[in-house]
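First the structure, in the form of structure tokens, and then the observations on it.
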Amino acid sequence: MHVIDALNWRYSVKQFSDQKLQQWQLDNLLEATRLSPSSYGLQPYKILVITSRAARERLKPFAFGQEQVSSGSHLLVFATRTDIDTLLVDEYVSLAQTKNGASPDSLARYAEMAKGAINSMNKTERALWAQQQTFVALGNMITCAAMMKIDTCPIGGFEPDAFDHILGLNEKQLTTTVICPIGKRDPNDKYGQYEKVRFDINHLVLEQ
Ligand SMILES: Cc1cc2nc3c(=O)[nH]c(=O)nc-3n(C[C@H](O)[C@H](O)[C@H](O)COP(=O)(O)O)c2cc1C
């Protein structure tokens, strides 16, 4: 499917059908998300895949009861690392050494730059920076899902502290940033009939 057709096809589904995604669909979508770009390549996030309906029902009240939290095929929880420090750069460098045969010199220069960037941020700025990377992964996942005819509904309306508590994320040094049910739309979902509401291209793009 052409990417524009896919993006017109997708919408934020409020009513999912009971249809489960097949394992290969889920695997492909997660692999596509793994390939997301991130600042300095540091990928400071994890994705929890919640399949159990009971577990999703436990979370739903903390997302203002939004039905789609428990009714899709799976719930993806995009969690951001809270342990952002220069060790993350070391983790990346040791992985990069095993790939591409990057020279120690070029990696050392990269590490210095990336560590400098991290050291220049205070705790709040690091958290914001890390969350921004998580949203890039979310956006990429949504587009890839549309290309694969998988439905999504990104959700920012939830209580992160409650999610973190229920999912035991504090002890894993993670925090919930955004959640996204995935699955197949119910053809009766009234939101599927609406036209896209987007400012026109001249409003979006400013030629200089
Ligand atoms: C970060 C983010 C948070 C969102 N939070 C919610 C939400 O809590 N509940 C919901 O139903 N939709 C949520 N949406 C979906 C938007 O309302 C939707 O993307 C927007 O209205 C455009 O419609 P469309 O996605 O159907 O094209 C969210 C979207 C994004 C990107």
Side-chain angles (χ1 to χ4, degrees), residues 1-19 21 29-30 32-33 36-39 43-50 53 55-82 124 127-167 169 174-205:
M1 191 168 26
H2 189 278
V3 66
I4 301 294
D5 294 331
L7 292 173
N8 275 311
W9 171 84
R10 70 148 297 280
Y11 72 98
S12 294
V13 169
K14 308 287 189 272
Q15 205 178 324
F16 282 92
S17 74
D18 290 335
Q19 206 183 322
L21 295 177
L29 186 58
L30 294 172
T33 311
S36 299
S38 60
S39 174
Q43 309 152 68
Y45 43 74
K46 295 198 185 282
I47 300 168
L48 283 79
V49 180
I50 307 185
R53 174 70 82 118
R56 289 182 280 152
E57 287 292 347
R58 272 200 300 283
L59 292 167
K60 187 164 71 177
F62 302 101
F64 303 100
Q66 297 187 74
E67 211 43 57
Q68 63 274 38
V69 169
S70 61
S71 66
S73 174
H74 297 80
L75 178 68
L76 303 185
V77 173
F78 285 74
T80 305
R81 288 177 65 159
T82 54
T124 310
L128 179 62
W129 168 84
Q131 286 187 1
Q132 287 166 345
Q133 311 319 309
T134 309
F135 278 105
V136 172
L138 170 80
N140 188 37
M141 187 280 289
I142 290 171
T143 303
C144 293
M147 295 292 288
M148 297 167 64
K149 289 227 158 184
I150 295 174
D151 283 303
T152 55
C153 182
I155 293 182
F158 65 92
E159 296 171 47
D161 289 348
F163 268 62
D164 290 353
H165 178 69
I166 293 169
L167 298 169
L169 294 186
L174 292 168
T175 186
T176 310
T177 293
V178 65
I179 62 175
C180 190
I182 58 173
K184 293 285 181 179
R185 66 189 64 175
D186 183 324
N188 296 320
D189 183 4
K190 69 175 195 279
Y191 289 86
Q193 293 147 22
Y194 298 146
E195 273 216 45
K196 286 254 167 274
V197 181
R198 298 293 191 270
F199 298 119
D200 73 29
I201 196 78
N202 298 321
H203 192 275
L204 172 71
V205 180

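Not measured: the values here are computed from a predicted model. Note that the numbering runs from 1 along the sequence shown for the chain. Whatever order the structure lists them in is the order used to number ligands and atoms, beginning at 1.
In terms of modelled atom types and a separation under 3.5 Å, the side chain of D189 and the main chain of K14 share a donor-acceptor contact. Remark: side-chain polar atoms of S73 are paired, donor with acceptor, to backbone N or O of L21 under 3.5 angstrom. In terms of modelled atom types and a separation under 3.5 Å, the side chain of S17 and the main chain of K184 share a donor-acceptor contact. In terms of modelled atom types and a separation under 3.5 Å, the side chain of Q66 and the main chain of G157 share a donor-acceptor contact. With hydrogens and angles disregarded, a donor-acceptor distance shorter than 3.5 Å links the side chain of Q133 to the backbone of S39. A donor-acceptor contact shorter than 3.5 Å is absent between the side chain of S70 and the backbone of E57. No donor-acceptor distance shorter than 3.5 angstrom exists from the side chain of R10 to the backbone of A145, with no hydrogens or angles considered.
Atom NZ of K196 sits in a crowded spot, with more than 12 heavy atoms from other residues, nucleotides or ligands closer than 6.0 Å.
Within a 4.0 Å radius of atom 5 (N) of ligand 1, the protein has at least one heavy atom. Protein heavy atoms are absent from the space less than 4.0 angstrom from atom 20 (C) of ligand 1.
Listed by number with element, the atoms of ligand 1 under 4.0 Å from a non-hydrogen atom of R10 are 24 (P), 25 (O), 27 (O). Interface atoms of ligand 1 facing G157, defined by a heavy-atom separation under 4.0 Å, are 8 (O). Of all atoms in ligand 1, numbered sequentially from 1 with element shown, those under 4.0 Å from a heavy atom of Y11 are 26 (O). Close approach of ligand 1 to G156 (heavy-atom distance below 4.0 Å) involves ligand atoms 3 (C), 4 (C), 5 (N), 6 (C), 7 (C), 8 (O).
Ranking protein heavy atoms by distance to atom 9 (N) of ligand 1, first place goes to Q66 OE1, 2.8 Å. Of the protein's heavy atoms, R198 NH1, 3.5 Å lies nearest to atom 22 (C) of ligand 1. In terms of protein heavy-atom proximity, atom 29 (C) of ligand 1 is closest to P154 CG, 3.5 Å. Nearest non-hydrogen protein atom to atom 1 (C) of ligand 1 is F135 CE2, 3.9 Å. Scanning all protein heavy atoms for the shortest distance to atom 18 (C) of ligand 1 gives S12 OG, 3.5 Å.
On a distance-only criterion, C153 and ligand 1 share no N/O pair closer than 3.5 Å. Of the polar atoms of V178, none of the N or O atoms is found under 3.5 Å from an N or O of ligand 1, judged by distance alone. Considering both main-chain and side-chain atoms, Q68 comes within under 3.5 Å of ligand 1 through a nitrogen or oxygen pair.
Two rings, from F158 and F163, have their centers less than 6.0 Å apart.
Within the 4.0 Å heavy-atom criterion, neither part of E195 lies near ligand 1.
Between the CZ atom in R198 and the CG atom in D200 there is a gap of 13.0 Å [rounded to 0.5 Å].
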